[in-house]
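One structure is given here, and the rest of the page talks about it.
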Amino acid sequence: MKVLVATEKPFASTAVNGIRKEIEGAGHELVLLEKYTDVQQLLDAVKDADAMIVRSDKVTPAVLDAAKQLKIVVRAGAGYDSIDTAYAKTKGVVVENTPGQNSNAVAELVFGLLVYAVRNFFNGKSGTELMGKKLGILAFGNVGRNVARVAKGFGMDVYAYDAFCPANVIEEAGVHSIADQVELFKTCDVISLHIPATPETKGSINYALVNQMKKGGILINTARKEVINEPELLKLLSDRDDLKFVTDIKPDADAEFCKFEGRYFSTPKKMGAQTAEANNNAGIAAAKQINAFFKDGCTKFQVNK
Ligand code: NAD
């Protein structure tokens, strides 16, 4: 089988070596399309691919139509909103992600951002500590659980709300389960977002919700920019000068947010999963999933069932 690794933003070379070892070790052929600058290059490369590994690359209907032999696409990472999963389903193409492989990397970044925020972005003025503060985790998935684990090391009091994860699973992790989202925002000093971008969550982090936060609240987004209602959050930051917003996903209105100097920070580009370990883990997991799919028909991580 021909396995295409199509990455506009390539994997680290150690990850590529690991992927190659897995794919070729299983008797398949590996083809690399890295740093492509034109979608036509991708359309040409997918023509005879049986499987594809992507990162944040867009897998559109045009790509799926061009990929006549494609049977499986694996997104090396957690979020798969860059892939038209419904269209893939109509074409009989299995779409998978590699959940959990970069969760620790994202969780560690949350605390990098958080320490930066509570120490006033290192402006030389006295800040606050995290110990004893209430952290609210919005969505207790792979990243949320890792954030909870690290938060305990800081001595934080940890709360979580998840629309689908049962309360007992949250409680068993030593985290207070909160039954609704608004209550989480009301209760906590810091809210860390870990929801996927879905029709329900897009734009859901809005004025009314964030305004529930206590004085001095900090909102951290390492999930997806689409979940933020940017015009409403800008208005809220303007109405309340006690709130801070730190993010790993630069908002479309970054220039507007930058006006809130000392209360806003964005990483220059999404860095949550940018560690050697996460890169390696996700790439190799993707290769293993493709091998399992061709060997046994395994679709354990399929997201478009
Ligand atoms: P996950 O699938 O493991 O967990 C998502 C959780 O969200 C699940 O527990 C699910 O029950 C919950 N959920 C879904 N809809 C919800 C809703 N409407 N309200 C409340 N909870 C809801 O995903 P993950 O690996 O933890 O990733 C979480 C987010 O982080 C995703 O948006 C992902 O794209 C993003 N992410 C960002 C980076 C980065 O580089 N910054 C890296 C990895 C993941």
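Both counts, for ligands and for their atoms, begin at 1 and track the order of listing.
With respect to the salt-bridge test (charged N to carboxylate O, under 4.0 angstrom), the residues Lys214 and Asp242 do not qualify.
Using cut-offs of 30° and 60° on the angle between ring planes, the pair Phe154 and Phe111 is parallel.
Around NZ of Lys71, the count of heavy atoms belonging to other residues, nucleotides or ligands within 6.0 Å exceeds 12. The number of heavy atoms from other shown groups lying within 6.0 Å of NZ (Lys152) is above 12.
For the pair Thr60/Val39, no side-chain contact is recorded, criterion being any heavy-atom separation below 4.5 Å from C-beta on.
Here the side chain of Glu96 pairs no donor or acceptor atom with the backbone of Ala286 at under 3.5 angstrom.
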Show the distances, to 0.1 Å, for all pairs joining an N/O atom of ligand 1 and a protein N/O atom that are shorter than 3.5 Å, listing one pair per line.
residue	atom	partner	partner atom	Å
ligand 1	3 (O)	Asn142	N	2.9
ligand 1	3 (O)	Asn142	ND2	2.8
ligand 1	9 (O)	Asp162	OD2	2.6
ligand 1	11 (O)	Asp162	OD1	2.6
ligand 1	11 (O)	Asp162	OD2	3.4
ligand 1	21 (N)	Ala163	N	3.3
ligand 1	26 (O)	Asn142	N	3.2
ligand 1	26 (O)	Val143	N	2.8
ligand 1	32 (O)	Ile195	O	2.9
ligand 1	34 (O)	Arg224	NH1	3.2
ligand 1	34 (O)	Arg224	NH2	3.4
ligand 1	40 (O)	Ala273	N	3.3
ligand 1	41 (N)	Thr222	O	3.1
ligand 1	41 (N)	Asp248	OD2	2.9

